[in-house]
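Letters go in sequence order (proteins before strands), and every chain restarts at 1.
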There are 2 protein chains.
Amino acid sequence: MSSPQSFKRVNRESTAGLITRQLREAIMYGRLRPGAQLSEAILAAEFGVSRGPLREATQRLVQEGLVRAEPNRGLFVKELDEHEIRDLYAARIAIETAAGRTIIRKGQQQAVAELRTAYEAMQRAAEEGALAQLSDADLRFHEVLVGGAGSARLQRMHQTLMVETRMCLTALQGTYRDPEDQVAEHQRIAEAIAAGDSESLVEAIEEHMQEALDRLVPGSRSAGTATTV
Amino acid sequence: MSSPQSFKRVNRESTAGLITRQLREAIMYGRLRPGAQLSEAILAAEFGVSRGPLREATQRLVQEGLVRAEPNRGLFVKELDEHEIRDLYAARIAIETAAGRTIIRKGQQQAVAELRTAYEAMQRAAEEGALAQLSDADLRFHEVLVGGAGSARLQRMHQTLMVETRMCLTALQGTYRDPEDQVAEHQRIAEAIAAGDSESLVEAIEEHMQEALDRLVPGSRSAGTATTV
DNA sequence: GATCCATGGATTGTTGACAATCCATTCTAG
DNA sequence: CTAGAATGGATTGTCAACAATCCATGGATC
């Protein structure tokens, strides 16, 4: 009865959980387009389950804010208009700034190290011209940033925001951006934290987010910083 | 066909929504004790609905983090141990600090005014010795603080945290605290924002939270600031 | 020709019954 | 007396059918 290697508990995830994850991914990567209607009957048939578990899955997505439910009408993939995108990035600024400040305040050396690692992964991807990997490493950097603060609640809230961020990136798919700039912005953030400089951390994050916003919402506020191609 | 006064849309909330709200309130105010098991069958009978809608309601609470679901075992009201409480307050520090900084950065005069109003309500309740009202005004102050930042996402995340906070307060029910101190701490926060002083804002919020933590988790870190009765 | 009403199709909302799983208890064998 | 297996009760997990609701289409009336 000894376990020579640790086995994974089988089927530990609930059916609703499995479906939720697949649907979320489909929304994140644009396979389910914003505004598209989700038919319970059709989806249930596709997943090969009854409407019960499927309903549970969709309800989770509703509460995550990825799906909008109109009573007696149906479920629709949420569309992110300009206002929503601004709100999303405002929330990300709040969370990520707070996370960075926490790392500084607590002097979490390990978090700093992990940030550097994440940053180096971005740099490598940029040098190799691997855009998909660069994008993944980018998201990972922000996950590490918030994870480093060590608050499970903060991290969970941030995860939801990052799913929406990925939705935005998917919508931007195809537009080009100079990888060097992208990497440099993250280096600023990482180094500000490493140096324990809260002021430049705030600046770095706000500018980083503004940069993203400028690309997502072209008719934005300041034309001065819009240096993107 | 004219509407002499605006009528409320009837039955606009779903059954699951109604049940969710009632269960959440019961948990918040301790009518459902932490650790208590929630039986779907019993609850469904009490609400007079089938297990379908009830399940939907409980699932929402699970995702909010108020209820823990053990597969094939049952649902249990989440218990907040010391670690959880610390995490909760860390998250609140992050969100509320970020909200305050946003108000300062954007120079939201209206938010400042609302904060003062909320603060005055606390002061009035304290003078009248109305402890229940003081507690409500206290929570309201924090809601106004985050609401003032104008981010729907931030506010939603904060609401969840405040529900858990209320759970903690319910657990503390009966312990006394000097209302004057309580009011003064909020005044510090409000005035720091009004003065646009980010540094003292951060200090005020952190000390305010630490004060609350000291009462919730007696064997806490610093004995120096523990001046509570 | 425009407006109102009735009808039909489609969707979600709800239900009660059935299956699978788990835990505690009891029983049995050593 | 103890360790292990069988069993029973209770709970969640799942399903297919039914009811309620909504929107669009088409037709009748003025």
Side-chain angles (χ1 to χ4, degrees), chain A residues 1-3 7-23 26-27 32-79, chain B residues 1-3 7-23 26-27 32-79:
Chain A
M1 289 300 176
S2 67
S3 64
F7 291 115
K8 280 180 219 160
R9 191 87 166 240
V10 293
N11 201 21
R12 203 44 183 160
E13 199 166 9
S14 70
T15 308
L18 286 165
I19 298 175
T20 304
R21 216 149 37 89
Q22 291 196 53
L23 284 178
I27 294 175
L32 287 173
R33 290 284 171 76
Q37 181 166 13
L38 303 179
S39 162
E40 290 185 1
I42 295 175
L43 284 178
E46 285 183 7
F47 281 108
V49 296
S50 149
R51 274 179 53 216
L54 183 120
R55 223 178 131 76
E56 204 170 302
T58 56
Q59 288 297 330
R60 291 193 198 181
L61 295 177
V62 168
Q63 198 161 17
E64 276 184 37
L66 263 62
V67 167
R68 173 175 43 92
E70 292 188 17
N72 290 316
R73 288 295 317 282
L75 302 162
F76 303 87
V77 180
K78 198 156 188 186
E79 302 175 82
Chain B
M1 291 298 178
S2 67
S3 63
F7 291 114
K8 281 182 218 158
R9 190 89 165 237
V10 291
N11 201 20
R12 203 43 181 163
E13 200 164 11
S14 71
T15 307
L18 286 165
I19 297 175
T20 305
R21 216 148 37 88
Q22 291 196 52
L23 284 178
I27 294 174
L32 287 174
R33 289 283 171 76
Q37 180 166 14
L38 303 179
S39 162
E40 291 185 359
I42 295 175
L43 284 178
E46 284 183 8
F47 281 108
V49 297
S50 152
R51 272 181 54 217
L54 183 118
R55 221 178 132 77
E56 204 169 302
T58 55
Q59 288 297 330
R60 290 193 197 181
L61 295 177
V62 168
Q63 197 160 18
E64 277 183 36
L66 263 62
V67 168
R68 172 174 46 91
E70 292 187 17
N72 291 317
R73 289 294 319 281
L75 302 162
F76 303 87
V77 179
K78 197 157 191 187
E79 302 175 83

| request: Please name the pair of heavy atoms, one in A/P53 and one in A/A16, separated by the smallest distance, quoted to 0.1 Å. | output: O-CB, 3.9 Å
OP1 or OP2 of [N] under 4.0 Å from side-chain N/O of [X]:
{"X": "B/T15", "N": "C/dG13", "value": "no"}
{"X": "B/R73", "N": "D/dT12", "value": "no"}
{"X": "B/R55", "N": "D/dG13", "value": "yes"}

| request: Assess whether side-chain contact (heavy atoms from CB on, under 4.5 Å) is satisfied between B/T58 and B/V67, documenting all intermediate values. | output: CA-CA 8 Å; B/T58 55; B/V67 168; 5.7 Å; no
| How long is the gap from CG on B/L54 to OG1 on B/T15, to the nearest 0.5 Å? | 11.0 Å
Identify whether any heavy atom of [X] sits under 4.0 Å from a base atom; if not, whether one sits that close to sugar-phosphate; answer base, sugar-phosphate or nothing.
{"X": "A/L38", "answer": "sugar-phosphate"}
{"X": "A/I42", "answer": "nothing"}
{"X": "A/G52", "answer": "nothing"}

Measure [atom1]/[X] against [atom2]/[N] and give the value in whole Å, please.
{"X": "A/E40", "N": "D/dC15", "atom1": "CD", "atom2": "P", "answer": "14 Å"}
{"X": "A/L18", "N": "D/dT14", "atom1": "CG", "atom2": "P", "answer": "10 Å"}
{"X": "A/I19", "N": "D/dC15", "atom1": "CD1", "atom2": "C1'", "answer": "13 Å"}
{"X": "A/N72", "N": "D/dT21", "atom1": "CG", "atom2": "P", "answer": "7 Å"}
{"X": "A/F76", "N": "C/dA10", "atom1": "CZ", "atom2": "P", "answer": "16 Å"}
{"X": "B/E70", "N": "D/dT11", "atom1": "CD", "atom2": "C1'", "answer": "12 Å"}
{"X": "A/R51", "N": "C/dG13", "atom1": "CZ", "atom2": "P", "answer": "8 Å"}

| Of A/G48 and B/S39, whose nearest nucleotide on DNA chain D comes first from the 5' end? | B/S39
| field | A/E56 bridged to A/R60 by N-O distance under 4.0 Å | value | yes
